[in-house]
Undergrad: 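Below you will find the structure I want to go over with you.
Note that this is a predicted model, so its numbers are computed, not measured.
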Amino acid sequence: CLHAAMDNLTWSGGGGLPPGIEKTVVTPGTDPRRPRDGDTVTLKCKQGAGPQTTTECVIGKGQISRGLDIAVTTMEIGEAAVVRLSAEWVPIGTPEELEVTLVSCEAIDRVTADGGVTRVVEKQGEGFVLPQPGGLVLVSYQVWELGKEEDSPVAEADSELIRLGEDCFLPGGVAEMILTRMRPREICVARVQPGHGFTAAPGLSGRIPAHVGLKCRITLIQACSEQDVGLFAGEREGDFVNFPKLWMTTLEAGEGYEEIFPLTHVRLDLTLRQNGQVLQAVEDATVEVGQMQACEALEAALLKLHKRERVLVDVGDLALLQGCSLITAAVVIPPPLVLEVRVRDFWGSQSRFGMPEEDRVPRALELKGLGSKYFTAGRTRQAAYLYRHAAALVDPVYSWQTSECREAAAEARAVLFLNLAACWLRLRRWGVAIQAATIALQGKAQVKALFRRASAYLETGEVSAAIDDLKAALELDPTNADVRKLLQTAVGRKKRQGSSERRLLAAMGGALG
């Protein structure tokens, strides 16, 4: 039924209450929640000239008269009303009139069908995104033994990252059932009966006893999103050696839509941890992306972040931490390690869409120079990222307004894709190496582009195509020793292929006879 926001409004019959039950609001409620069957409520009741009494009861369980049960389900928390019940709604069969105040209501959510795990929401959450089974969540909690709530908690944490389904301050399955019903910023009190608590062994490194009931006050701080931010993660095609995974977990969402690009200056806080121990913490530092100031793990994460965002980055390969000017701790222990990164601010971020045309070729050539420094240092994935980003600044060539700009863009594009081909060869990505070299050859024939494409052709077994490219390269540079050596290798492989094919045909011919 609808709540009237005024005093002295009487419900009767079709107003939501059955005949024989009337309610007149004296004081409107302060909280719009209304009790339901199974909820625990606290009522202040006064009948006639008698004293006011305070009653705690469960709605729908026969602990108060059925008529009062029904009337209370129409009340908001904090509401005071006069309730009139006819004889058929009162056990003693005598009409009564009560002054009733709904003081509080604990809406009990039965997480398990047997009622062994229940929860009561203390504070409603925000938004509509619920944690997913198996996902990561950031929580705070306090845990007591049932019946010993006056004692100090047996376990508590202000902020802890847990994986749903795994044992934490509750058995994994129980924690997952509770937390997947919660929204960010929600606070609830959960009660876990002994049969649903820790049974085989104490939990949380022995701090939470087994075979006892538990009461937990839980705050869901954040349901954390996860993504693989390793460079070229979407293109690795199962190659986790040359393209390692780099999992990033978002702890605090960022602000706005502005992105970080190469040559962006970033102010950040950085903490390096292993097994919860802080190895190094740096506050309010500044790095310029693409200037060899940040390791690959940090740069790959920054390229996905926004202002004010805070994340954890799981580093399973120590090579991803090399070359960072911010990390001075001697990292000799085995991975995994965790980088906690918080972006305070950044500036100087420019995409091709916000850049004047006359600035794009110079910027692309600047990035090409930086990429070459990474390539020389053996940081090939970062070099490839810079070359690709630079190529996006000048591609497509036909879109340039003047012939002078088009020529400069075409020349820069050819060099960038030539360098990309070298990166893909080092990373054993033969198919994309062929594609990059082919693009580099679109303007004019180049010995390096032909040589690199031929090298990739040989790795894919396309020996004839490799020979054609190497012969074309020799026509451009007859004295090139590297081309001659690779051509000899290709011709030798071609002869061996021919011998193998002849033996196979002879064997097949003999079988047919």
Undergrad: Donor-acceptor pair, Arg207 side chain versus Val154 backbone, under 3.5 Å?
TA: no

Undergrad: Are any side-chain N or O atoms of Arg360 and backbone N or O atoms of Leu393, one a donor and one an acceptor, separated by less than 3.5 Å?
TA: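 At least one qualifying donor-acceptor pair exists.
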
Undergrad: Does any N or O in the side chain of Arg426 come within less than 3.5 Å of the main-chain N or O of Arg381, such that one atom is a donor and the other an acceptor?
TA: no

Undergrad: Flag yes if more than 12 heavy atoms outside Arg344 fall under 6.0 Å of its CZ atom; otherwise flag no.
TA: yes

Undergrad: Quick one: do the Arg267 and Thr286 side chains pair a donor with an acceptor below 3.5 Å?
TA: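 Checked: Arg267/Thr286 side chains show no N/O donor-acceptor pair below 3.5 Å.
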
Undergrad: Give a yes or no answer on whether the side chain of Arg191 reaches the backbone of Leu146 with a donor-acceptor pair at less than 3.5 Å.
TA: no

Undergrad: Pair Arg388, Glu235 - check salt bridge (charged side-chain N to carboxylate O under 4.0 Å, His left out), show working.
TA: CA-CA 14 Å; Arg388 180 182 277 188; Glu235 306 170 44; 2.7 Å; yes

Undergrad: With Leu246, which of Leu231, Val313, Asp314 fulfils side-chain contact (heavy atoms from CB on, under 4.5 Å)?
TA: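 So the option named by the test is Val313.
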
Undergrad: Measure from the side-chain N and O atoms of Glu176 to the backbone N and O of Gly134, and report whether any donor-acceptor pair falls under 3.5 Å.
TA: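 Side chain of Glu176 to backbone of Gly134, a donor-acceptor pair under 3.5 Å: yes, one is there.
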
Undergrad: Under the salt bridge (charged side-chain N to carboxylate O under 4.0 Å, His left out) rule, what do Arg308 and Glu252 come out as? Steps first, then yes or no, please.
TA: CA-CA 8 Å; Arg308 308 289 187 269; Glu252 295 177 10; over 6 Å; no

Undergrad: Does Thr264 offer a backbone N or O that forms a donor-acceptor pair with the side chain of Glu288 under 3.5 Å?
TA: no

Undergrad: Who passes ring-ring contact (aromatic ring centres under 6.0 Å, His included) against Phe169, sequence neighbours left out?
TA: Tyr141

Undergrad: If the condition is ring-ring contact (aromatic ring centres under 6.0 Å, His included), which residues does His196 pass it with, not counting sequence neighbours?
TA: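 His196 satisfies ring-ring contact (aromatic ring centres under 6.0 Å, His included) with no other residue.
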
Undergrad: Got a salt bridge between Arg163 and Glu226, using NZ or NE/NH1/NH2 to carboxylate O under 4.0 Å?
TA: yes

Undergrad: Can you see which heavy atom on Thr180 is nearest to which on Pro131, and at what distance?
TA: CG2-O, 3.5 Å

Undergrad: Which value, rounded to the nearest 0.5 Å, describes the distance between Leu441 atom CG and Arg453 atom CZ?
TA: 5.0 Å

Undergrad: So for atom CG, which belongs to Asp158, do other residues, nucleotides or ligands contribute more than 12 heavy atoms lying within a distance under 6.0 Å?
TA: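 No, CG of Asp158 has 12 or fewer neighbouring heavy atoms, counting only those of other groups under 6.0 Å.
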
Undergrad: Does the distance from a Lys or Arg side-chain N to an Asp or Glu carboxylate O, for Glu340 and Arg310, drop under 4.0 Å?
TA: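 Yes, this pair counts.
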
Undergrad: Would one find more than 12 heavy atoms of other residues, nucleotides or ligands at under 6.0 Å from atom NZ of Lys471?
TA: no

Undergrad: Which pairs count as side chain to side chain donor-acceptor pair (under 3.5 Å) when at least one residue sits in residues 318-329, sequence neighbours excluded?
TA: Gln280-Thr328

Undergrad: What residues, two or more places apart in sequence or in another chain, satisfy ring-ring contact (aromatic ring centres under 6.0 Å, His included) together with His306?
TA: none

Undergrad: Under 3.5 Å, which donor-acceptor pairs link side chains of residues 209-223 to any protein atom two or more places apart or in another chain?
TA:
from: His211; atom 1: NE2; to: Thr199; atom 2: O; distance (Å): 2.8
from: Arg217; atom 1: NE; to: Glu122; atom 2: OE1; distance (Å): 3.0
from: Arg217; atom 1: NH2; to: Glu122; atom 2: OE1; distance (Å): 2.9

Undergrad: Taking side chain to side chain donor-acceptor pair (under 3.5 Å) as the cut-off, I'd like each qualifying pair that reaches into residues 362-376, sequence neighbours left out, listed once.
TA: Glu299-Tyr374, Gln350-Arg363, Ser372-Tyr387

Undergrad: Within the 3.5 Å criterion, strictly below it, is a donor on Arg413 or Gln442 matched to an acceptor on the partner's side chain?
TA: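 Short answer, yes.
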
Undergrad: Please examine the side chains of Glu145 and Asp151, heavy atoms only from C-beta on, and report whether any two atoms are closer than 4.5 Å.
TA: no

Undergrad: CD/Gln446 to CG/Leu418 distance, rounded to the nearest 0.5 angstrom?
TA: 5.5 Å

Undergrad: Between Trp424 and Gly431, is there a donor-acceptor pair closer than 3.5 Å when you use the side chain of the first and the backbone of the second?
TA: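 Checked: no pair found.
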
Undergrad: Return the CG to CD distance between Asn242 and Glu237, rounded to the nearest 0.5 Å.
TA: 12.0 Å

Undergrad: Does a side-chain heavy-atom distance below 4.5 Å link Leu312 with Leu339?
TA: no

Undergrad: Can you give me the closest heavy-atom contact between Leu161 and Leu138, atom names plus distance?
TA: N-CD1, 3.9 Å

Undergrad: Tell me whether the count of non-hydrogen atoms from other residues, nucleotides or ligands lying under 6.0 Å of CD in Glu462 goes above 12.
TA: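 Counting neighbours around CD of Glu462, more than 12 heavy atoms of other residues, nucleotides or ligands fall under 6.0 Å, so yes.
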
Undergrad: Can you find a heavy atom in the side chain of Leu136 that is under 4.5 Å from one in the side chain of Ile162?
TA: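 Counting from C-beta outward, Leu136 and Ile162 never come under 4.5 Å.
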
